[in-house]
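Small disclaimer: the values here were computed from a predicted structure and weren't measured. In what follows, residues are counted from 1 in the order of the sequence shown. Whatever order the structure lists them in is the order used to number ligands and atoms, beginning at 1.
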Amino acid sequence: MAERKPEVIHDPKELQSRLAELRKQGKKIGLVPTMGALHYGHLSLAIAAKEENDISVVSIFVNPKQFAPNEDFDKYPRILEKDLDLLEQIGVDFAFVPSSSDMYPVGFDANVHVGGVSEILEGSFRPTHFDGVATVVLKLFLITGADTAYFGQKDFQQVAVVRKMVRDLNVPIDIVSCPIIREKDGLALSSRNRYLSEEERKSALILYEALGQAEFMIHSGTRNAAAVKAELRRMIEAVPDAEIDYIEIADPASLIEMENIAGNVVVLLAVRIGKTRLIDNMIVQPK
Ligand code: PAF
């Protein structure tokens, strides 16, 4: 694998003009938006961005606008040097590491609200979250002028919100969703897994087990979504430290709840394990 330090750029205007110059030379730009604390899930996106473009950019910015006051903004892991070492191993070209005041200077007053898909599921539990995500992601798209942006399927609803924003606002960018990367035992990689104690880490496996059960039931012919959800609820409620925020079976494109499982569905879970809130999902195709 190539080993080259990414060029670290803090100033949005500088990145914007550097990438505009490269675009003029006909270079294709791939962007991976992240909040740092990188794990292999992020790196798989960076690898795709590198393979499919001339220039790869990874942004690292813990975006205050997507955290509610009671959430983990202050304790969110910030390990920039380690992140840069990982990006060097992949040979990413640019790391964009703006400060909060670079992204939101005094007087900043814009807000991107994507109606519909951002208001259900995560949106009902975290009502300001997707406005914060859409606002920062649109800024990143405009700063980089990227041709393609890469997101992880683990944040399934986030990808749906970003796709809808791009469609509604005619943003000239392709959105690629890359598969969830899991530990050997099935736990989906997440920067928040590091908050889990050893015991909680064991309890957290229930998310993947529940998704596996949903897949099994659907493949075995269950078409009643309520029956699948009730079984998942029973399984998760039996686990110590686990508290369900939601279990949903939805249409993968619109995220609208499905009562009857007729075609592909996405099974979505948000579960609190102790103080750590985890999300996971699986697309299931009835046989
Ligand atoms: O998925 C994330 O890490 C964040 O929501 C994103 C897309 C980088 C926006 O801050």
> Apply side chain to side chain donor-acceptor pair (under 3.5 Å) to Ser254 and Asp251, showing your working.
CA-CA 6 Å; Ser254 63; Asp251 172 72; 2.9 Å; yes
> Could you find the nearest protein heavy atom to atom 1 (O) of ligand 1 and give me its residue, atom name and distance?
Gln158 NE2, 2.8 Å
> So, regarding Gln66 and ligand 1 (criterion: nitrogen or oxygen to nitrogen or oxygen, under 3.5 Å), is there a contact or not?
yes
> If you count the atoms of ligand 1 from 1 in the order shown, which ones are under 4.0 Å from a heavy atom of Thr34?
8 (C)
> Counting from 1, what ligand 1 atoms have a heavy atom of Val136 closer than 4.0 Å?
9 (C), 10 (O)
> For residues His113 and Glu119, is any side-chain donor paired with an opposing acceptor at under 3.5 Å?
yes
> Cation-pi between Arg78 and Phe61: NZ/CZ under 6.0 Å from ring centre and within 45° of the ring axis?
no
> Decide whether Glu200 and Tyr195 meet the rule of one side-chain donor and one side-chain acceptor closer than 3.5 Å.
no
> Residues in side-chain hydrogen bond (donor to acceptor under 3.5 Å, both in side chains) with Asp185, at least two apart?
Arg201
> Would you check whether Asn63 has a nitrogen or oxygen atom less than 3.5 angstrom from a nitrogen or oxygen atom of ligand 1?
no
> Do any pairs count as a side-chain hydrogen bond (donor to acceptor under 3.5 Å, both in side chains) and have a residue in residues 145-171, sequence neighbours left out, and if so which ones?
Glu52-Tyr150, Asn53-Tyr150, Gln153-Asn281, Lys164-Asp168
> Please list the nearest protein heavy atom to atom 3 (O) of ligand 1 with its residue and the distance rounded to 0.1 Å.
Met35 CG, 3.6 Å
> Which ligand 1 atoms does Pro33 reach within 4.0 Å, using its non-hydrogen atoms?
8 (C)
